[in-house]
Amino acid sequence: MISYGGLVYLITGATGTVGRPLLAELDGHAVRPVTRDPSRLPGAVAEPDVTGVTAVFLHPRAVGLGAADLLVRAKAAGVRRVVVLSAVNVDDPLDEQPSRANGDRDTEVEAAAIGSGLEWVSAVAAAGMVEHGHRPEFVAALMARYERENGRPAHVSGDVENVLGRPARSFAEWVADHAEYVR
Ligand SMILES: NC(=O)c1ccc[n+]([C@@H]2O[C@H](COP(=O)([O-])OP(=O)(O)OC[C@H]3O[C@@H](n4cnc5c(N)ncnc54)[C@H](OP(=O)(O)O)[C@@H]3O)[C@@H](O)[C@H]2O)c1
């Protein structure tokens, strides 16, 4: 494993839908992919060894209830940051999270990251927007607004109908009218 600038990334769930493109993004950096079958990936390991690691990518399906223990070991080993693959359902009651039936432990894994004492982040979208050219101040304000509105029903007003004297058009109508652009 080659280390670039001393940063080493431990990637759990590395063979999955998210893990593979993440490894591609990190091409040229020192990564330690984790998979139950290391023969599937060069340099991969079966157990999440945190020795020498700078940051851990935590995949809720792959680490499950082992997340808290992994992060205790990570902190003791000097890992600085944990990045969590979050899910839209993390704040829902556990019995209303269908993916738990498939083994996902999204709520517990995110809680383990927050309680780990490590720097943590699950706001990957913000970093993605900045990378794509949006100004950091713009992204920070947008994220603050999303956070404020989180869990509130969307505001719906009758303004369009009041002003135009006819109901607003539906999204489906708009898409149909602009199909050539959408395609
Ligand atoms: N909209 C949302 O908010 C949303 C929606 C869907 C999913 N999610 C999140 O994203 C995750 C799914 O990501 P993904 O599509 O990359 O998953 P994926 O393609 O299923 O990959 C997960 C990887 O984890 C490993 N794995 C799977 N089951 C495991 C088990 N029982 N024990 C240990 N390792 C296991 C597998 O690697 P190996 O076989 O190589 O070991 C697999 O490649 C979900 O768990 C959820 O947390 C969020």
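Order of appearance sets the numbers: ligands from 1, and atoms from 1 within every ligand. These values consider heavy atoms only, across backbone and side chains, with no hydrogens, waters or symmetry-generated copies.
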Identify the closest protein heavy atom to [atom]: which residue and atom is it, and at what distance?
atom	value
atom 17 (O) of ligand 1	His59 NE2, 3.3 Å
atom 31 (N) of ligand 1	Arg36 NH1, 3.7 Å
atom 10 (O) of ligand 1	Leu85 CD2, 3.2 Å
atom 43 (O) of ligand 1	Thr15 OG1, 2.6 Å
atom 20 (O) of ligand 1	Arg61 NH1, 2.8 Å
atom 24 (O) of ligand 1	Ala62 CB, 3.5 Å
atom 16 (O) of ligand 1	Val18 N, 2.8 Å
atom 2 (C) of ligand 1	Val88 N, 3.6 Å

Is any side-chain heavy atom of [X] closer than 4.5 Å to a side-chain heavy atom of [Y]?
X	Y	result
Leu7	His29	no
Glu96	Asn89	no
Asp37	Thr15	no
Val31	Leu23	yes
Val45	Arg32	yes
Leu58	Leu71	yes

Worksheet item: Any non-hydrogen protein atom below 4.0 Å of atom 33 (C) of ligand 1?
Response: yes
Worksheet item: Within a distance of under 4.0 Å, is there any protein heavy atom near atom 12 (C) of ligand 1?
Response: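 Answer yes: something from the protein, a heavy atom, is under 4.0 Å.
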Worksheet entry | Distance-only side-chain donor-acceptor flag, Thr51 / Asp49, under 3.5 Å |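 Side chains of Thr51 and Asp49: pair found under 3.5 Å.
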Does any N or O atom in [X] lie less than 3.5 angstrom from one in ligand 1, N or O only?
X	answer
Gly16	yes
Asp37	no
Pro60	no

Show me which atoms of ligand 1 lie under 4.0 Å from any heavy atom of [X].
X	value
Gly13	23 (C), 24 (O)
Thr35	38 (P), 40 (O), 41 (O)
Ala87	2 (C), 3 (O), 48 (C)
Arg40	38 (P), 39 (O), 40 (O)
Ser86	9 (C), 48 (C)

Listed pairs under 3.5 Å, donor-acceptor, residues 75-85 side chains, sequence neighbours left out:
from	atom 1	to	atom 2	distance (Å)
Arg81	NE	Glu119	OE1	2.7
Arg81	NH2	Glu119	OE1	2.7

Item to complete: Could you tell me whether Arg145 atom CZ has more than 12 heavy atoms of other residues or ligands within 6.0 Å of it?
Response: no
Worksheet item: Would one find more than 12 heavy atoms of other residues, nucleotides or ligands at under 6.0 Å from atom CD of Glu25?
Response: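 No - once you tally the heavy atoms of other residues, nucleotides and ligands closer than 6.0 Å, there are 12 at most.
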Discussion item. Below 4.0 Å, non-hydrogen atoms only: which portion of Asp106 touches ligand 1? Side chain, backbone, both or neither.
Written reply: side chain
Worksheet entry | Mode of Ala14 contact toward ligand 1 - side chain, backbone, both, neither (heavy atoms, under 4.0 Å) | neither
Worksheet entry | Stepwise salt bridge (Lys or Arg N to Asp or Glu O under 4.0 Å) test for Glu110 and Arg105 | CA-CA 9 Å; Glu110 190 157 312; Arg105 292 295 177 267; over 6 Å; no
Worksheet entry | side-chain contact (heavy atoms from CB on, under 4.5 Å) evaluation trace for Gln97 with Thr107 | CA-CA 9 Å; Gln97 297 183 17; Thr107 300; 2.9 Å; yes
Practice prompt. For the residue pair Phe57 and His59, categorise the inter-ring angle as parallel (less than 30°), tilted (30 to 60°) or perpendicular (more than 60°).
Written response: perpendicular
Practice prompt. For Gly64 and ligand 1, answer yes if some heavy atom of the residue is under 4.0 Å from a ligand atom, otherwise no.
Written response: no
Discussion item. Using heavy atoms and a 4.0 Å limit, tell me yes or no: is Asp104 in contact with ligand 1?
Written reply: yes
